[in-house]
Amino acid sequence: MVEVFKTNVREQADATRLLEKLAEHLPYHKINFDLQDCDKVLRVEGDYFLPCRIIDLLQEEEYICIVLE
């Protein structure tokens with residue numbers, strides 16, 4: 001399963017901190033940001049996860065996170 005999200009994460013330091021938080025909840029998944037993309041893309045790849053949980057985790061840190069169609 002692969003899901004791509006649009007975010008408003010701008011700084012690499014913030015992305016690194018969020019990746020660490022996400023890795024705690026999704027330890028066996030491949031997770032990365034593309035901050036060069038205009039949508040500041042977050043990509044998550046793994047066997048199973050709930051996109052709404054990822055959205056909630058970023059919103060807890062006061063970031064926007066929307067599934068890209």
Side-chain angles (χ1 to χ4, degrees):
M1 173 178 192
V2 175
E3 197 69 70
V4 180
F5 303 86
K6 177 179 180 175
T7 74
N8 65 338
V9 177
R10 304 256 182 251
E11 302 296 325
Q12 185 60 49
D14 296 333
T16 299
R17 183 175 49 80
L18 291 168
L19 288 172
E20 289 172 2
K21 180 175 182 161
L22 290 166
E24 290 176 13
H25 295 272
L26 302 165
Y28 302 106
H29 293 68
K30 182 177 177 183
I31 309 167
N32 58 60
F33 277 98
D34 180 357
L35 299 182
Q36 302 301 314
D37 188 279
C38 64
D39 289 325
K40 309 301 182 199
V41 168
L42 168 63
R43 184 175 185 272
V44 180
E45 181 178 350
D47 290 334
Y48 178 78
F49 58 90
L50 296 173
C52 63
R53 183 64 182 131
I54 294 166
I55 292 168
D56 289 344
L57 288 169
L58 263 71
Q59 287 179 342
E60 286 173 8
E61 299 294 324
E62 300 183 4
Y63 288 98
I64 295 169
C65 184
I66 303 166
V67 174
L68 280 177
E69 300 291 327

State which residues pass side-chain hydrogen bond (donor to acceptor under 3.5 Å, both in side chains) with [X]; sequence neighbours excluded, sorted by chain then number.
X	value
K6	none
Q12	T16
E45	R43

Looking at residues at least two apart in the chain, or sitting in another chain, which of them share a ring pair (Phe, Tyr, Trp, His ring centres under 6.0 Å) with F5? none
With sequence neighbours left out, what residues match H25 under ring pair (Phe, Tyr, Trp, His ring centres under 6.0 Å)? none
N/O donor-acceptor pair under 3.5 Å between D37 side chain and D39 backbone: yes
Tell me whether [X] shares a hydrophobic cluster with [Y], the cluster being built from Ile, Leu, Val, Met, Phe, Trp, Tyr side chains joined at under 4.5 Å.
X	Y	result
V44	V4	no
L57	M1	yes
I31	V41	no

What salt bridge (charged side-chain N to carboxylate O under 4.0 Å, His left out) pairs are there with at least one residue in residues 49-59, not counting sequence neighbours? R53-E60
Determine the sole option in L18, T7, L35 for which the side-chain contact (heavy atoms from CB on, under 4.5 Å) test with L42 is passed. T7
Extract all donor-acceptor atom pairs below 3.5 Å that involve side chains of residues 62-69 and protein atoms in other chains or at least two apart in sequence.
unit_1, atom_1, unit_2, atom_2, d
Y63, OH, D14, OD2, 3.2

Value for NZ (K21) from CG (L26), rounded to nearest 0.5 Å, stands at 12.0 Å
Closest non-hydrogen atom pair between K30 and N32, with its separation: CE-ND2, 4.1 Å
Not counting sequence neighbours, list each pair that qualifies as a ring pair (Phe, Tyr, Trp, His ring centres under 6.0 Å) and has a residue in residues 26-58.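 Every pair satisfying ring pair (Phe, Tyr, Trp, His ring centres under 6.0 Å) with a residue in residues 26-58: H29-F49.
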